[in-house]
Amino acid sequence: MKYNKSLIATLREDPKEAESKSHRILLRGGFIRQLASGIHTYLPLGWRILLKISSIIREEMDRIGGQELLMPALSPKELWEESGRWNEYGDDMFRLTDRKERDYCLCPTHEEIVADIARNKIRSYRDLPQIWYQIQTKFRDEPRPRFGVLRSRQFIMKDSYSLDSDEQGLDKSFNLHKDAYMKIFNRCGLDFVIVEASGGLMGTGESKEFMALVDGGEDQLAMCEQCDYRANIQIAECKGEHKSFADTAVEEVATPEKRTVEEVTQFLNVSPQNLVKSMFFTAPNKEPVLILIRGDYEIREETITTLLGHDYGPATAEEIKRHFGAEPGFIGPVGIQDLNIYADELLHDAKGMITGANRDGYHIKGLNIGRDVQIKEFANLRKMKIGDRCIKCGGKMVAQTALELGHIFKLGTKYSISLGANFLDEKGQEKPIIMGSYGIGLERIMACACEQKGDERGAAWPISLAPYDIYVAILNPLDKDVTQLSDEVTQLLTEAGFSTIIDDRNVSAGIKFNDSDLIGIPIRVTVGPKGVKNNLVDIFIRETDERFDVAKSEIVAKCSDIKDMLYRRINGH
RNA sequence: CGGGGCGUGGCGCAGUGGUUUAGCGCGCAUGGUUCGGGACCAUGAGGUCGUGGGUUCAAAUCCCACCGCCCCGACCA
């Protein structure tokens with residue numbers, strides 16, 4: 001590949017829209033180009049990286065028996081109505097209408113389509129298990145695309161689906177994927193951890209996320225300092241301390257305009273632990289509920305989903321006023337008869353608490369949960385705070401930002417039941433297929449490699465992902481001796497199986513060096529007038545900053561050694 | 001959706017009512033001199049100043065509306 005005629009366009013200055021490290025590198029290096037918010041072109045360099053990633057994924061998916069297929073990106077509404085997700089997905093789903101006024105979506109994921117294939121093709125337990133996968137473009141109308149390719153509205157995903165006849169089969173498929181994913185991310189040269197995760201819209205079964213530790217990632221991980229407990233902070237559980245105060249009678253106290261925990265604690269000169277937050281949750285066509293959390297905690301929304309279902313959300317101020325006769329900030333559980341009340345387990349037996357009085361401008365003191373409130377269920381409803389104790393070992397919990405690379409779910413029968421994807425078991429009984437769903441974000445692997453391996457000079461691709469193995473810098477392409485040597489060198493390297501990009505531009509040396517650093521090609525071979533007299537070239541390793549003078553006859557051997565060394569570094573994980 | 005910022009040749013920016021042809025750096029084109037960490041000289045091409053409306057003798061510049069993009073938050077496989 002000759003640079004001179006290529007569609008490689010590096011930018012001399014940082015594009016102003018890029019703030020995160022990976023976004024800056026990808027844009028400056030000419031790997032991607034934005035077309036609209038959250039929508040990108042993958043330019044030749046970026047696309048070659050994505051192709052490298054794809055082939056690693058293919059190899060590992062094929063190794064666990066996955067069969068590649070390609071489902072359409074466009075899907076009719078009916079399938080999504082069968083599963084209920086036509087409504088559940090809401091504004092995150094791109095929708096469109098055809099000329100006959102039929103509704104379609106651009107698929108954000110493909111469980112429905114898989115279930116549809118399965119209900120037609122799978123008849124018997126003898127047809128199971130199956131693993132189907134595709135590498136395909138997904139569409140999600142994210143409320144806020146950001147960080148370039150990290151959260152975008154159109155992105156490439158490897159999604160696979162397992163079909164099994166029983167739970168043991170699902171466990172096996174799940175673990176096969178877990179192992180394959182570890183191999184994939186290791187081969188891509190990334191540092192990652194596996195954490196407990198939330199299923200979100202996918203379902204409520206077991207799920208794990210593959211998280212890359214990066215500064216400024218979108219997700220937060222909760223990690224125990226002592227043991228190996230790691231979880232997405234959204235679902236991390238923790239041990240908390242029970243607190244109780246003096247057991248007194250309920251008493252109203254004026255708290256004019258004091259609505260938030262902070263305002264009330266300051267006004268009454270108490271600690272947040274002394275407060276009970278009352279949160280009103282509603283869902284369309286379902287009974288609203290009241291959730292009680294101690295003042296020093298936030299609600300763990302995952303619990304709402306698992307406890308109540310994900311159509312529940314915080315009520316509007318209007319709904320609160322209508323139900324409680326008071327404004328948000330002044331509502332409480334006392335005297336509430338018509339609602340199911342759930343309380344965090346730390347409030348069990350709590351006495352002498354402060355909460356809203358259901359009267360504007362007033363709170364009540366002396367709340368005794370056991371005495372004054374009818375609790376339907378106590379549960380762990382609170383979000384972990386840094387410094388809480390580990391649920392497993394009691395160690396101290398810390399937080400770290402991370403980037404989600406992949407996610408594996410045990411779906412169970414959610415989609416097979418709603419879409420009627422059944423099979424006949426050994427006894428001739430009809431049963432729903434047990435499904436799993438597994439995703440990897442390809443662009444995220446690319447961006448993550450920039451975050452973890454890149455530096456102020458630009459990208460430094462792991463050899464397994466690099467768009468080219470070797471950057472041949474021709475320092476003076478007008479010098480016949482130099483071009484003759486570089487032609488010979490390039491031919492030797494190509495014949496030895498290296499992919500090369502040849503910088504034959506008639507520009508100054510500094511530009512070539514800087515571009516090769518920015519583009520992040522692992523090995524650079526410099527052919528210039530200095531070495532040409534002695535048939536010497538300069539070989540430079542981007543990742544380690546090592547430099548060697550090498551005779552023409554040794555170039556291929558040296559580059560092979562370096563390539564092997566770079567692969568060993570990756571596998572040394 | 002709330003808060004903040006930005007929109008001027010390909011990129012980064014200046015200009016914020018009146019030297020009538022809107023500037024600067026980079027890039028691009030042509031010719032020449034250079035050539036080991038972002039060279040130099042000369043000549044040249046390229047802009048409905050996001051869009052629409054308004055104010056004014058006069059608008060990139062002031063006012064209104066809309067659109068787009070970025071950041072923080074909300075939300076989120």
Side-chain angles (χ1 to χ4, degrees), chain A residues 9-20 23-24 27-28 30 33-40 85 88-93 107-111 138-148 150-153 155-159 197-203 207-211 216 218-219 232 234 298 301-302 305 310 313-314 316 403-409 411 437-441 443-444 457-458 473-479 481-483 503 505-518 524-532 536-538 540 545 547 549:
Chain A
T10 56
L11 303 175
R12 184 161 182 161
E13 287 164 280
D14 277 338
K16 66 171 175 180
E17 71 262 31
E19 304 241 328
S20 73
H23 193 193
R24 213 176 52 238
L27 240 27
R28 263 201 74 184
R33 181 187 159 87
Q34 177 164 316
L35 181 64
S37 179
I39 303 176
H40 302 265
R85 289 209 290 185
E88 279 175 22
Y89 245 106
D91 287 340
D92 281 4
M93 188 183 251
C107 294
T109 172
H110 279 75
E111 283 77 12
K138 296 285 187 279
F139 299 87
R140 293 181 194 173
D141 195 358
E142 292 289 339
R144 187 179 159 207
R146 58 179 138 180
F147 308 134
L150 279 183
R151 179 162 294 278
S152 54
R153 299 193 294 168
F155 58 97
I156 303 171
M157 178 160 143
K158 187 288 300 177
D159 48 324
S198 131
L201 265 187
M202 307 299 280
S207 92
K208 290 187 190 297
E209 286 169 329
F210 289 73
M211 290 286 202
E218 270 202 312
D219 287 282
N232 192 308
Q234 286 173 348
E298 295 298 318
E301 298 203 9
E302 172 68 8
T305 324
H310 42 62
T316 63
L403 168 61
E404 183 182 352
L405 298 170
H407 200 156
I408 57 180
F409 305 91
L411 288 179
S437 148
Y438 316 87
I440 291 178
E443 294 95 331
R444 286 187 171 186
R457 286 182 291 163
I474 307 174
L475 285 199
N476 186 349
L478 299 183
D479 181 327
D481 295 337
V482 172
T483 48
D503 193 347
R505 294 174 297 169
N506 186 22
V507 296
S508 72
I511 292 177
K512 298 181 193 197
F513 293 144
N514 283 323
D515 273 343
S516 90
D517 287 346
L518 174 59
R524 179 172 69 218
V525 173
T526 305
V527 185
K530 220 151 109 184
V532 76
L536 283 176
V537 301
D538 177 278
F540 171 76
D545 255 337
R547 195 186 299 270
D549 281 326

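Quick note on labels: first sequence line is chain A, next is B, and so on, each numbered from 1.
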K.L.:
How long is the gap from CG on A/L11 to CZ on A/R24, to the nearest 0.5 Å?
P.N.:
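Here the interatomic distance stands at 12.5 Å.
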K.L.:
Is it true that A/R524 and A/D538 make a salt bridge, defined as a side-chain N closer than 4.0 Å to a carboxylate O?
P.N.:
no
K.L.:
Please tell me if the side chains of A/F155 and A/H40 come closer than 4.5 Å, counting only heavy atoms from C-beta onward.
P.N.:
no
K.L.:
Toward the 5' end of RNA chain B, which comes first, A/R153 or A/T10, by nearest nucleotide?
P.N.:
A/T10
K.L.:
Using Watson-Crick or G-U wobble geometry with both distances below 3.5 Å, tell me the partner of B/A59, or none.
P.N.:
none
K.L.:
Quick one: is A/S37 getting a side-chain N or O under 4.0 Å of the B/C70 phosphate, OP1 or OP2?
P.N.:
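For B/C70, OP1 or OP2 has a side-chain N or O of A/S37 closer than 4.0 Å.
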K.L.:
Any idea which of B/G25, B/U34, B/G36 is nearest the A/N506 side chain?
P.N.:
B/U34
K.L.:
Searching all strands shown, indicate the nucleotide that pairs with B/U43 (Watson-Crick or G-U wobble; both distances under 3.5 Å).
P.N.:
B/A29
K.L.:
Is B/C13 paired to anything, Watson-Crick or G-U wobble with both distances less than 3.5 Å, and if yes, which nucleotide?
P.N.:
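The answer is B/G23, by the H-bond criterion.
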K.L.:
Taking pairing as Watson-Crick or G-U wobble with both contacts under 3.5 Å, can you name the mate of B/C76, or confirm there isn't one?
P.N.:
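WC or wobble partner does not exist here.
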K.L.:
Taking only Lys NZ, Arg NE, NH1 and NH2, and the carboxylate oxygens of Asp or Glu, determine whether A/R505 and A/D515 approach each other closer than 4.0 Å.
P.N.:
yes
K.L.:
For B/A65, give its Watson-Crick or G-U wobble partner with both distances under 3.5 Å, or none.
P.N.:
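In the structure as shown, B/A65 has B/U51 as its Watson-Crick or wobble partner.
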K.L.:
Could you give the distance separating B/A22 and B/A58 at their C1' atoms, to the nearest angstrom?
P.N.:
16 Å
K.L.:
So if I take every side-chain heavy atom of A/I511 and compare against B/C71, B/G38, B/A77, which nucleotide ends up nearest?
P.N.:
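Given the options B/C71, B/G38, B/A77, the side chain of A/I511 is closest to B/G38.
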K.L.:
If you measure from the P atom in B/A74 to the same atom in B/G3, how many Å do you get, rounded?
P.N.:
16 Å
K.L.:
Between A/R144 and B/C72, is there a side-chain N or O to OP1/OP2 distance below 4.0 Å?
P.N.:
yes
K.L.:
Once you round it to whole Å, what is the distance between P of B/C35 and CG of A/D503?
P.N.:
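Those two atoms, CG and P, are 18 Å apart.
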K.L.:
Under 4.0 Å between a side-chain N/O of A/Q234 and OP1 or OP2 of B/C76, yes or no?
P.N.:
no
K.L.:
State, with a plain yes or no, whether a side-chain heavy atom of A/H407 is found less than 4.5 Å away from one of A/M211.
P.N.:
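Side-chain contact under 4.5 Å: no.
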K.L.:
Considering only the C1' atoms, how many Å lie between B/U33 and B/G15, rounded to the nearest integer?
P.N.:
36 Å
K.L.:
Give me the distance, rounded to whole Å, that separates B/C66 from B/G47 when you measure between the P atoms they each carry.
P.N.:
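Straight-line distance between the two P atoms is 31 Å.
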K.L.:
Which nucleotide, if any, forms a Watson-Crick or G-U wobble pair with B/G37, using both distances under 3.5 Å?
P.N.:
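Per the H-bond distance test, none.
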K.L.:
Would you say A/R505 places a side-chain N or O within less than 4.0 Å of OP1 or OP2 belonging to B/C35?
P.N.:
no
